[in-house]
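Heads up: the structure comes next, in C-alpha cells.
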Amino acid sequence: MIRTENLTKFYGEIRAVYRLNMEVPEGTILGFLGPNGAGKTTTMRMLTGYTTPSFGKAEIAGIEIQKEPIKAKRLIGYLPEVPPLYPELKVRSFLEFVGQVKGLRGKELKNRIEEVVEKTGLEKVADRLIRNISKGYRQRVGIAQAILADPKVLILDEPTIGLDPKEIVEIRQLIKSLAGKRTVILSTHILQEVTSICDTIAIINEGRLIEFGKIEEIEKKYGSASLEEIYISAISKEVKA
Amino acid sequence: MRNVWAIVKKELKIYFSSPTAYIISALFVLITGFMFYVMVSNFSILSVQAGNNPYFSSRLNLNQYVYSPFFSNAAIILLLLLPVLTMRLFAEEKRQHTDELLFTLPLTNTQIILGKYIASLVVLLVMIVATVPYAFYPFFLTKPELAPVLTGYLGIFLLGAAFIAFGLFASSLTENQIVAAVFSFGILLLLWLIYWLTYVSSFLKGFLKYISFFSHFDNLARGVVDTSDLVFYISFAFVGLFLTYAILEVRRWWR
C-alpha cells in the first residue's frame, strides 16, 4: 500500500532522511518509532506530498506522490504534528471545507461530518469556533479531518500528544477501530501505544531505517525482549553512513 | 473549479469572522467619503463664485473637479489598505501550520492561489460597491457624465486587483504578516512613484512610465479607457500570481 524507494531528504548539509526503503502492506498499523529529530516527521511529510524528497520516491497504492500528487493525496488522511486548524472557523465549517476539497458533496458531506463528529466525540463543540476549544478537542478535530473522507491511508504524527489520559485511551480505541482495511502509519514516543495499537513497527534513527517488521518477529529477533529494550538497543546501534 | 470555490468560501469566512475585512472596508468608505464630501463642497463653492463669470462657469465640470481627483485619491487609499488585506493570505497559513493541511489536500497550487485571489477580489468589490451610495448622490442633483465615473470605478477595481496579486506574492514569501504588508506596500509605492525619474532623466523613460501605476491610473481616473492601461493592470496581476505560483513550487523543496 505504501512503498518507499531510497527516499531521501537533505536540508542543505543536514541529512534528515537517507535511503529509506519500506513496504507497508494494506491493512497494516505501523508504529513509527525513533528519537526526536530522527526523521519521522520528514518521512511523513514526504509520504503526504508536503515536502519533495531530494531523491528517491514514495508510492501510495502504486501511485507515485511526486508524479500524480492529486491522485495520491485523495487516498491519504493526514494529521500533522501540530493539528492544522483555522482558529477563525467553526469546527463544522472547517470539516465542511476539508470534505469539499476531498470531493464530498451535499448529503454525503453532511452525513460524513455527523459521523466523524460522533466518532471523535466532538458533538459538544461542533458549532464553536476552533479558537475557543481546548487542546484535546483540537487534536480530535485534527483526527476528524484526517478520517473525514474515509481515506485508504491514514498518516498520524503523534496523534495522542497533549491529551489527558482518558482522551488518550479514547483516541487509541478510535484508531484501532479505524484499522481493518485501512493502512495506518502512526508516529509516537509512547511505546505502550505501539504495543496496544500496532502490528508492525519501524524504528528510524539519524534518518536511516534500523528495524522494520511485525512486532512478534522483531521480538523474536531480539530474544523476546520488551519493546523498550528493543527500542533502546536499536537506536544505540552505530548508524552506518 | 469546485476546489477553488471551497477555498474562496473558506477565505471569505476567515475574512469576515475577524475584524480585518470590516475595518478595512469601513475605513475605505469613511476616508473616501470624507474626501468626496470635501470635493463636492468645494465644487459647490466654486460654482457659486463662478456664477458671475460665464467663461469660468462654462468650464466647471463635476467630472473633472470631483470624480477624477476622487478616484485618484481612492487609489492611494487602496495602496495603503490592500497590503493589510492580503498580508495574512499565505503568511498566516504558515504561522498556524495550516499550510501542512492545505498542501496535502488534493489541491493544485493554481487552485489554492486562485481561491485566495478571488476571495480578496470579493472583499475589494465589497469595499468599492460600498462607496456607490454617496458617489452617485450628485446624479440626483445635477448631470455629471456617467461614462467617466464608470471607467473610474473600473480603474480602481483593476488597480486593486493588481495590488492584491502583488500582496498575495508578498505574503507567500514570509510567515510574518507585518513583513508581508510592509514589503508589498513599499514595492507598490515605489512602482507608483517611479515615474518621477522621468522628470529628471530620459533614461528608460518609456519603460519607467509604462511600469508606473501612476501614469496608467491617470487615464482611467479621467475617464479615458486605453487598452494599454487595461493590459498593464491585468498583466501586472498575472505576474503577481505567477510569482506566487513559483514561490509555492520552490517551497515544496525547502520545507
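Every chain is numbered from 1 and lettered A, B, ... according to where its sequence line falls, protein lines coming before strand lines. Model, not experiment: these values are computed from the prediction.
Per-residue heavy-atom pair counts under 4.5 Å with chain A were compared for B:L105, B:T108, B:N3, and the maximum is reached by B:L105. For the set B:K10, B:Q96, B:H97, the entry with the most heavy-atom pairs within less than 4.5 Å of chain A is B:K10. For chain B, the option among A:V98, A:V82, A:T52 with the highest count of heavy-atom pairs below 4.5 Å is A:T52. With chain B as the partner, the residue from A:P87, A:P69, A:G103 showing the most heavy-atom pairs under 4.5 Å is A:P87. Chosen from B:R251, B:K9, B:Q111, the residue pairing most often with chain A at heavy-atom distances under 4.5 Å is B:K9.
In this structure a side-chain-to-backbone donor-acceptor pair under 3.5 Å is present from A:Y11 to B:R255. Checked by atom type and distance alone, the side chain of B:K13 never pairs as donor or acceptor with a backbone atom of A:K90 at under 3.5 Å. Within the 3.5 Å criterion, the main-chain N or O of B:F103 finds a donor-acceptor partner in the side chain of A:K73.
With a 6.0 Å radius and a threshold of 12 heavy atoms from other residues, nucleotides or ligands, A:E118 has its CD atom at or below the threshold. Within 6.0 Å of OH on B:Y134 lie more than 12 heavy atoms contributed by other residues, nucleotides or ligands. Within a 6.0 Å sphere centred on CZ of B:F207, other residues, nucleotides and ligands contribute 12 heavy atoms or fewer. Within a 6.0 Å sphere centred on CZ of B:F242, heavy atoms belonging to other residues, nucleotides or ligands number 12 at most. More than 12 non-hydrogen atoms from other residues, nucleotides or ligands lie less than 6.0 angstrom from CZ of A:F55. A 6.0 Å sphere centred on NZ of A:K152 holds no more than 12 heavy atoms belonging to other residues, nucleotides or ligands. At most 12 heavy atoms of other shown residues, nucleotides or ligands fall within 6.0 angstrom of atom OH in B:Y137. More than 12 heavy atoms of other residues, nucleotides or ligands lie within 6.0 Å of CZ in A:R105, so this atom counts as buried by the packing criterion.
Rounding to the nearest 0.5 Å gives a distance of 8.5 Å between OG1 of B:T98 and CG of A:L85.
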Would you list the atom pairs, donor with acceptor, under 3.5 Å between side chains in residues 121-134 of chain A and any protein atom, with sequence neighbours excluded?
unit_1, atom_1, unit_2, atom_2, d
A:D127, OD1, A:R92, NE, 3.2
A:R128, NH2, A:N132, O, 3.0
A:S134, OG, A:Y137, N, 3.4

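Between the side chains of A:E88 and B:Y15, no donor-acceptor pair of N or O atoms lies under 3.5 Å. There is no side-chain donor-acceptor pair under 3.5 Å between A:Y86 and B:E92.
Residue B:T104 is tested with A:I76, A:I65, A:T48 for a side-chain contact (heavy atoms from CB on, under 4.5 Å); the sole match is A:T48.
Looking at heavy atoms from C-beta onward, B:I7 lies in side-chain contact with A:F97 at the 4.5 angstrom threshold.
For B:W5, no part sits under 4.5 Å from any heavy atom of chain A, backbone or side chain. Interface remark: A:K9 contributes side-chain atoms only to the contact with chain B (heavy atom separation under 4.5 Å). The part of A:P53 that comes within reach of chain B is its backbone (N, CA, C, O), which places non-hydrogen atoms under 4.5 angstrom from that chain. Within the 4.5 angstrom heavy-atom criterion, only side-chain atoms of A:F94, from C-beta onward, approach chain B.
Scanning residues 116-129 of chain B against chain A with a 4.5 Å non-hydrogen threshold yields no residues.
Residues A:V101 and B:A6 share a closest heavy-atom pair of CG2-CB, 4.0 Å.
Under 4.0 Å is where a charged nitrogen must lie from a carboxylate oxygen, and between A:R45 and B:E100 at least one such pair does.
Cation-pi contact between B:R252 and A:Y50: absent, since separation from the ring centre below 6.0 Å together with deviation from the ring axis within 45° is not met.
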